[in-house]
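Letters go in sequence order (proteins before strands), and every chain restarts at 1.
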Amino acid sequence: MNARIFLIDMQSFYASVEKSLHRELQHQPVVISGDPKRRNGIILAACPIAKSYGIQNAIPLWEAQKRCPQLIVLKPRMQLYLDVSLRLTQILERFSDRVEPYSIDEQFIDIQGSESLFGSPYQIARKIQTTINKELHLYARIGMGPNKVLAKMACDHFAKKSPNGIFYLGPENIHTHLWPLPIQKCFGVGQRMSKHLQRIGIHTIGELAHSPLPLLKKYWGVNGHVLWMTANGFDLSPVTNQSFSTHQGIGHQMTLPYDYRTPEEIEVALLELCEEVCQRSRRYHLAGKTITVHCRNSLKQATGGFLRQMSLDSFSNQTSKIFTYAKKCFFRFWNGEPVRSIGIRLSNLKPDHHIQLNLFEDVEKKRKLGYAMDQIKQRFGFTSILWASSLLPAGQAKIRAQKIGGHFK
Amino acid sequence: MSLLHRKNRLWEGSRMFLPEHREQLQTLRKKQQEKTLPELAEDQIEEFNWLLQEALHLESPIILDYIKEKQCQSFCGFVEELNTYESYLLIVNGQEKRKIFLDEIYRIIPL
């Protein structure tokens with residue numbers, strides 16, 4: 001058994017954190033949900049008791065209340081959850097120096113070299129579980145494997161259902177446990193991909209693993225190759241704590257409080273997003289050349305939305321310039337349907353020390369203007385200086401300043 | 001069997017991470033790397049004093065290891081000035097000159 005990589009996942013993270021702080025709610029069904037009035041009324045996390053009433057994550061709050069009338073609904077406190085997540089990282093770092101947070105409630109740890117200090121992989125997993133439970137009153141499930149992809153699938157499909165919350169998936173049991181699972185359970189296979197795979201006769205992970213590699217590469221290129229490796233349990237990725245030092249892209253997205261129907265309303269939201277994206281790019285002294293615009297239409301509409309990208313004529317992190325391109329890109333592909341959520345992403349990044357000069361405008365002045373605005377915001381608060389359009393009814397900047405990840409701090 | 005070496009791309013691409021989380025994690029990592037000056041014994045301070053005086057008078061180069069802004073730093077050069085009243089020294093190497101306070105130094109290596 002080569003169980004050097006663990007994926008540690010926290011059970012009903014937000015709900016469990018709240019329950020650990022409100023001991024009186026220990027035996028009650030608790031869910032965390034946003035404000036239904038502002039369209040955030042979906043279940044972000046449900047505790048195991050609430051789940052026993054058939055409440056799943058991401059269902060609307062009213063539906064959850066219908067299934068369980070005595071349900072206790074708490075508002076999310078994102079900063080608290082971030083703090084707990086960081087404490088979790090610190091706990092794991094006692095067991096190994098290679099800890100890689102994967103999301104707010106999932107972290108990878110490579111325990112190779114720690115065995116002589118803490119015991120066998122299984123003993124280490126137990127110790128991690130006990131320490132987390134003792135210090136944070138949270139229940140951790142641990143997937144173990146020889147690499148990250150098997151640890152992740154061990155956790156998602158088996159550790160969560162196993163009585164002690166620990167499961168090992170490796171070459172010894174991959175054919176008995178992983179391969180019989182339906183194809184959509186394979187890491188990296190989404191809804192659309194599973195349909196494509198089923199169309200060529202691949203219905204289980206085992207069938208994917210035994211498919212000829214050239215065929216998969218012919219259909220899906222590198223992605224096909226990666227999926228084939230995943231199904232066979234191969235993954236050469238390291239567990240690294242350096243993965244946050246480089247930015248691939250900087251993006252922001254917002255769900256609008258009501259459907260925006262007019263170009264004027266949409267422009268307000270676009271400008272605010274561009275400002276946020278550019279502000280973050282400037283903080284890291286980065287400029288981007290590719291802009292991606294994402295739009296999701298109201299659920300009742302049929303087409304769904306679009307995701308399009310466009311290249312800028314030069315690298316930039318100026319709000320006005322990015323906004324011009326974002327607007328151009330959005331209105332080229334928008335079909336006039338009511339918009340539910342909207343997102344902007346700046347990628348193809350490089351340091352902004354070198355800038356492309358322009359004969360017809362003062363680029364340096366605009367660059368300084370951006371940084372001056374950032375300094376004002378840093379010193380006097382995010383809402384101390386705003387675009388005038390943010391004061392319109394469609395403006396979200398003020399309320400977004402109080403939030404993390406779309407939910408209140 | 002052909003395997004793809006893609007470093008950490010599989011996980012970077014699928015990661016769900018809030019920008020605030022990322023920032024706070026970076027701050028934590030930075031804090032973990034912060035160094036504090038070890039407490040020096042009296043004879044050690046005396047030895048530093050002697051080594052600096054010698055380097056100043058003989059105009060011989062030294063390597064200074066010191067802590068600035070909670071990070072370990074190192075500089076090699078000639079001692080240009082030793083101000084014991086304000087307890088700092090000036091060390092030069094070509095065009096580069098640094099002012100280092102005596103209570104930031106934790107190692108001196110004469111060359």
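Contact annotation for B:Leu4: both backbone and side-chain heavy atoms come within less than 4.5 Å of a heavy atom of chain A. For A:Val239, no part lies near chain B; criterion is any non-hydrogen pair under 4.5 Å. A:Glu93 touches chain B through its side chain: at least one heavy atom from C-beta onward sits under 4.5 Å away, while N, CA, C and O do not. Residue contact with chain B, scored on non-hydrogen atoms closer than 4.5 Å, involves the side chain of A:Lys152 exclusively. Of the two parts of A:Tyr81, neither the backbone nor the side chain holds a non-hydrogen atom closer than 4.5 Å to a non-hydrogen atom of chain B. Contact of A:Leu213 with chain B is made through the side chain alone, with heavy-atom distances under 4.5 Å. Proximity to chain B is limited to the side chain of A:Asp235, based on heavy atoms less than 4.5 angstrom apart.
Residues A:Glu275 and A:Arg400 are not paired through a salt bridge, judged by the lack of any N-O separation under 4.0 Å between the basic side chain and the carboxylate.
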- Task: Test B:Lys7 against B:Glu12 for salt bridge (charged side-chain N to carboxylate O under 4.0 Å, His left out), laying out the working first.
- Result: CA-CA 10 Å; B:Lys7 292 188 184 154; B:Glu12 298 290 347; over 6 Å; no

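A:Ala401 and A:Phe382 get closest at one heavy-atom pair: CB-CD2, 3.6 Å. Between B:Ile62 and B:Ile91 the shortest heavy-atom distance is CG1-CD1, 4.1 Å.
Each of A:Ser237, A:Gly249, A:Gly251 has some count of heavy-atom pairs under 4.5 Å with chain B, and the biggest count is that of A:Ser237.
Between A:Leu138 and A:Phe13 there is a side-chain heavy-atom pair separated by less than 4.5 Å.
Side chain of A:Asn232 to backbone of A:Trp228: a donor-acceptor contact under 3.5 angstrom is found.
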